[in-house]
> 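Pasting a structure below so you can have a look.
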Amino acid sequence: MNNYFNPKQNAMQKADMLLRKAAASAYPNTELPNYVVEIPSDNKNGDFATNIALAGAKSFHAAPRMIADKLVANIDLEGSVFSKLEIAGPGFINFFLGDGYYCDVINGVLTEGDDYGRTDYGKHTKVNVEFVSANPTGPMHLGNARGGALGDCLAAALDWAGYDVTREFLINDAGNQIVKFGNSLAARYMQIFKGEDAVEFPEDGYQGEDIKTLANEFKELVGDEYVNKPNELNKAITDFALPKNVQGLKDALRKYRIKYDVWFSETTLHEEGAVKAIIDKLNEKGATYEKDGAVWYKASEYGAEKDEVLVRANGIPTYFASDIAYHYNKFVTRGFDIAIDVWGADHHGHVARMKGAMDAIGLDGTKLDVVLMQLVRLVKNGEQIRMSKRTGKAIALTDLLDEVPIDSARFFFNLREPQSQMEFDLGLAVSEDSDNPVYYVQYAHARICSIIKNLAAEGIEFKGAAQCNISLASTNEERELIRHIAAFPDEIIAAAKNYDPARITRYTVELATIYHKFYNVCRVKETQEDLCQARLALCCATKTVIKNALTMLKITVPEYM
RNA sequence: GCGCUGGUAGCUCAGUUGGAUAGAGUGUCUGGCUACGAACCAGAAGGUCGGGGGUUCGAAUCCCUCCUGGCGCACCA
């Protein structure tokens, strides 16, 4: 049983139980049709509605309205959370919640406090969320900013929904791109001494200014020591630069308020022989073959489009090989039940073959979930700012965070669902006025704090939910507010289930809107005492939910603005 | 060419997994502070849900087809 407080879900289940009971007595020995109990878009149609009479026309052998009449006649609302039923339209049965429900919601929220919204939906399933995992060969870019906000908030949603969550960053500190990184650094280092024209820069090298900066720092440290030791230069300068870059990633992400549980080094997989072991394993399963001097994996037999190289002709394993070993490590060595990878949409070709590879090594590919995220278009004054890693003019994450407040960046990147091609409006994100939705939500919180403070100054304190009669808060605005507050735990579950934390961000905007409407219609101050207390209870409950939601998203919750 | 993914109000996007008259924000226009924070609220206007077929009591949602934007199809990661 669920010990957590999830009022909406509970009430919905109660509605469903009443329906089943009614159907059992009205139509004994008849199989129930596929029906739903849902929340109508217009609350004139009740708090919950069911299509059971429409969907059951065939199995109950009657017209929908007749079925609805018969079912309703068999439902007794006495002692339930519902105050009335209605039959509407073609045969919908609508449930209306009663006073008791609204009181329970506010009472429950204030009792749960900082924990309101948590459920045990995930049943402590061990889930690993890997996100950003930017190459340590250069600074992070705008896409990583979205991936960071997305991954971190998804992890938070899973945590609140009762999963056992690990946030993880994979450091790609092995393989081809590190070799390229070293070659680029070495060339820049040599150019310092011999001139740019005398030393050829690798055609596929990293062009960015940061490579020159690192080479210069290395020169400051060791002078010309390596000019005549070309064989040792590459390793020495890589060993110098790589940790610096990794530290840069850590610093930038910490500034972005992301704290990882695990920084996983790809190199350790090679050192421990895990990559070789996984290739052997595939080999044993008969899933490999040799061609042109390379070892291939029969990916096409496991759902992928075509076969893939595991070990190049030069003997170096591909990233794909180490990625299989890495996920084997997640599932088998560390025992995660689910692995979620947040990738840029440009990696979608990798999805089917990774899942297939999990099946090929005897694991379950369906336990690997990939959240594909579309890249971001940066827009300022209606014009797109293109980013290019090659020209070195990329918009770095650190640059973005220097310009855009963290609250704003995290909020914006979580406003759209992952697969949408979002636009990031730099002008809007920087603006500190009402156009910026993050302030709209924070404003609602600050407003509530102000009301509470003003009342306290007049000697009026909130006496606690148990001491007040919430049913006095009976206007549409008040009821709407309570209903939305009640939906918070379900919204988190939906975000976790659909891997879409943007739902929570949008939820906070809706909550703020509903609160502002309430504020404009219902005075708290200078109101008859009982009603004042009831409305104060609503304010406190709203404050709790905004605080919990924004805290979950790691956005500050100001009391003044 | 094949695959993934999008196309909903002028613009940016929702739409609770097939439900009731398709919704927000923004922009435009009009109202509301000698009242708890006007960083707010109310109202108006704005739609062939890319086009066309199909499935059924019922489609933005599912199927087929066409148009179109983005991305991917390396012994890169």
Side-chain angles (χ1 to χ4, degrees), chain A residues 34 36 38-42 44-45 49-51 54-55 57-58 63-64 88-92 94 133 135 137 172 175-177 180 204 266 291-296 305-306 308-320 322-323 343-352 372 374-375 377 379 382 415-417 419-423 425 428 431-437 439-444 446-455 457-458 460 487 490-491 494 498 502-503 506 509-510 512-513 515-527 532 535-536 539 560-561:
Chain A
N34 282 326
V36 292
E38 61 180 0
I39 296 168
S41 48
D42 186 340
K44 274 189 305 209
N45 296 320
T50 179
N51 64 346
L54 287 86
K58 275 181 188 146
F92 290 101
N94 300 333
S133 296
N135 266 332
T137 52
N172 292 119
N176 241 7
Q177 80 284 358
K180 251 164 62 178
D204 61 349
E266 185 189 349
K291 194 180 89 179
D292 303 331
V295 179
W296 292 70
E305 285 177 48
K306 54 187 176 48
E308 298 291 332
V309 171
L310 287 176
V311 185
R312 300 182 184 91
N314 63 12
I316 299 174
T318 59
Y319 171 78
F320 183 46
S322 80
D323 214 18
W343 292 345
D346 52 337
H347 285 61
H348 72 75
H350 197 48
V351 176
L372 289 178
Q374 290 290 333
L375 301 179
R377 278 183 315 176
V379 175
L415 214 42
R416 306 284 173 244
E417 50 193 3
Q419 67 268 27
S420 73
Q421 295 168 199
M422 75 171 288
E423 200 168 88
D425 189 321
L428 191 56
S431 78
E432 299 201 3
D433 57 33
S434 56
D435 293 342
N436 192 332
Y439 295 107
Y440 180 79
V441 177
Q442 290 176 326
Y443 179 66
R447 207 177 211 185
I448 295 170
C449 293
S450 175
I451 291 171
I452 293 170
K453 197 185 64 176
N454 288 342
L455 284 171
E458 293 176 12
I460 300 171
D490 246 17
E491 203 58 45
N498 298 310
R503 302 182 68 116
R506 290 195 299 261
V509 176
E510 285 163 15
T513 299
Y515 180 78
H516 287 312
K517 286 183 186 187
F518 156 81
Y519 171 89
N520 271 275
V521 174
C522 303
R523 283 194 61 79
V524 183
K525 249 175 92 174
E526 293 143 26
T527 301
C532 173
R535 288 179 173 170
L536 203 44
C539 289
Y560 312 91
M561 291 174 72

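So you know, we letter chains A, B, ... as the sequences are listed, proteins then strands, and number each from 1. All values reported here derive from a predicted model rather than from experimental measurement.
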> Please work out if A:C449 contacts a base, only the sugar-phosphate, or nothing of the nucleic acid, heavy-atom cut-off 4.0 Å.
nothing
> Reckon A:R506 touches a base, only the sugar-phosphate, or nothing at all at heavy-atom distances under 4.0 Å?
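Result for A:R506 = sugar-phosphate.
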> State, to 0.1 Å, how close A:A88 and A:N94 come at their nearest heavy-atom pair, and which atoms those are.
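Heavy atoms of A:A88 and A:N94 come nearest at CB-ND2, 3.5 Å.
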> Does B:rU48 fall in syn (glycosidic angle within 90° of 0) or anti?
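That one's anti.
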> Pick base, sugar-phosphate or nothing for A:N498, based on heavy-atom distances below 4.0 Å to the nucleic acid.
base
> At 4.0 Å (heavy atoms only), tell me whether A:E491 reaches a base, stays on the sugar-phosphate, or touches nothing.
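It contacts nothing in the nucleic acid.
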> For a quick test of reading the model: is some side-chain N or O of A:K517 closer than 4.0 Å to OP1 or OP2 of B:rA42?
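The answer is yes; a side-chain N or O of A:K517 sits under 4.0 Å from OP1 or OP2.
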> Quick one: label A:N51 by what it contacts on the DNA or RNA (base, sugar-phosphate, nothing), any heavy atom closer than 4.0 Å.
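Here A:N51 touches the bases of the nucleic acid.
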> Tell me what A:A49 touches on the nucleic acid: a base, only sugar-phosphate, or nothing, going by heavy atoms under 4.0 Å.
base
> With a 4.0 Å cut-off on heavy atoms, is A:Q421 in touch with a base, just the backbone sugar-phosphate, or nothing at all?
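Base: the residue A:Q421, judged by heavy atoms under 4.0 Å, touches a nucleobase.
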> Looking across every strand, which nucleic acid part, if any, lies under 4.0 Å from A:A352 by heavy atom: base, sugar-phosphate, or nothing?
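Result for A:A352 = nothing.
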> A:V524 has a side chain; which of B:rA14, B:rC36, B:rA39 sits nearest to it?
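Given the options B:rA14, B:rC36, B:rA39, the side chain of A:V524 is closest to B:rC36.
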> Please check the phosphate of B:rA38 (OP1 and OP2 only) for any side-chain N or O of A:R447 closer than 4.0 Å.
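For B:rA38, OP1 or OP2 has a side-chain N or O of A:R447 closer than 4.0 Å.
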> Would the base of B:rA20 count as contacting A:N94 through its side chain, where contact means a donor and an acceptor less than 3.5 Å apart?
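When only heavy-atom distances are counted, A:N94 does reach the base of B:rA20 through a donor-acceptor pair under 3.5 Å.
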> Given B:rG6, B:rC75, B:rG69, identify the nucleotide with an atom nearest to the side chain of A:Q419.
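Looking only at heavy atoms from C-beta outward on A:Q419, the closest nucleotide is B:rG6.
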> Which part of the nucleic acid, if any, lies within reach of A:K306 when heavy atoms closer than 4.0 Å are counted: base, sugar-phosphate only, or nothing?
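Sugar-phosphate only.
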> Where the side chain of A:A294 is concerned, which of B:rA77, B:rG19, B:rC75 is the nearest nucleotide?
B:rC75
> When you measure only distances, ignoring hydrogens and angles, does the side chain of A:H347 come within 3.5 Å of the base of B:rG72 through a donor and an acceptor?
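Per atom types, no contact qualifies.
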> Can you confirm if the NZ or CZ of A:R447 lies within 45° of the ring axis of A:Y515 and under 6.0 Å from the centre of its six-membered ring?
no
> Can you see whether A:Q177 engages A:T137 through a side-chain donor-acceptor pair at a distance of less than 3.5 angstrom?
no
> Does B:rC67 fall in syn (glycosidic angle within 90° of 0) or anti?
anti
> In sequence, state the C-alpha distance, the side-chain angles, and the governing distance for A:I451 and A:K525, and then conclude on side-chain contact (heavy atoms from CB on, under 4.5 Å).
CA-CA 8 Å; A:I451 291 171; A:K525 249 175 92 174; 5.7 Å; no
> Tell me whether the ring of A:F92 lies stacked over the B:rA20 base, given a 5.5 Å limit on centroids and a 30° limit on the plane angle.
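Aromatic stack with B:rA20 present for A:F92.
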> Name the one of A:N520, A:T513, A:V521 that satisfies side-chain contact (heavy atoms from CB on, under 4.5 Å) with A:K517?
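Running side-chain contact (heavy atoms from CB on, under 4.5 Å) over A:N520, A:T513, A:V521 with A:K517 returns exactly one hit, A:T513.
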> Does A:E38 contact B:rG19 through a side-chain donor or acceptor facing the base, at a distance under 3.5 Å?
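It does not, because no donor-acceptor pair links the side chain of A:E38 to the base of B:rG19 below 3.5 Å.
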> Which of these nucleotides, B:rG37, B:rC57, B:rA77, is closest to any side-chain atom of A:L54?
B:rC57
> Would you mind classifying the nucleic acid contact of A:N314 as base, sugar-phosphate or nothing, using non-hydrogen atoms under 4.0 angstrom?
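The residue A:N314 makes no contact with any strand.
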> Within the structure shown, what part of the strands sits under 4.0 Å from A:H516 by heavy-atom distance: base, sugar-phosphate, or nothing?
sugar-phosphate
> If only side-chain N and O atoms of A:N135 are considered, is one of them under 4.0 Å from the OP1 or OP2 phosphate oxygen of B:rA77?
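Checking B:rA77 against A:N135, no side-chain N or O comes under 4.0 Å of OP1 or OP2.
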> Nearest to the side chain of A:A88, which nucleotide is it out of B:rA20, B:rA35, B:rG37?
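When the side chain of A:A88 is considered, B:rA20 is the closest of B:rA20, B:rA35, B:rG37.
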> Map A:N176 and A:G349 onto RNA chain B by nearest heavy atom, then report which one ends up closer to the 5' terminus.
A:G349
> Can you tell me whether the side chain of A:D346 and the base of B:rG72 have a donor-acceptor pair closer than 3.5 Å?
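Such a pair does not exist between side chain and base.
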> For B:rA60, which nucleotide in any strand shown is its Watson-Crick or wobble partner with both distances under 3.5 Å?
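No nucleotide pairs with B:rA60.
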> What distance separates A:E308 CD from A:H350 NE2, expressed to the nearest 0.5 Å?
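Going from the CD atom of A:E308 to the NE2 atom of A:H350 covers 8.5 Å.
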> Check whether the aromatic ring of A:Y519 stacks on the base of B:rC36, taking stacking as ring centres less than 5.5 Å apart and planes within 30° of each other.
yes
> Heavy atoms from C-beta onward define the side chain here; which of B:rA38, B:rC36, B:rC41 lies closest to that of A:N520?
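Closest of the options to the side chain of A:N520: B:rC41.
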> What pair of heavy atoms forms the shortest contact from A:F92 to A:L54, and how long is it?
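Looking at all heavy atoms of both residues, the closest pair is N-CD1, 3.6 Å.
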> Which part of the nucleic acid, if any, lies within reach of A:A313 when heavy atoms closer than 4.0 Å are counted: base, sugar-phosphate only, or nothing?
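Base contact.
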> A:R503 side chain: which of B:rG32, B:rU16, B:rG3 is closest?
B:rU16
> Assign each of A:D292 and A:T50 to its nearest nucleotide of RNA chain B by heavy atoms, then name whichever residue's nucleotide is nearer the 5' end.
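Its nearest nucleotide lies further toward 5', so the answer is A:T50.
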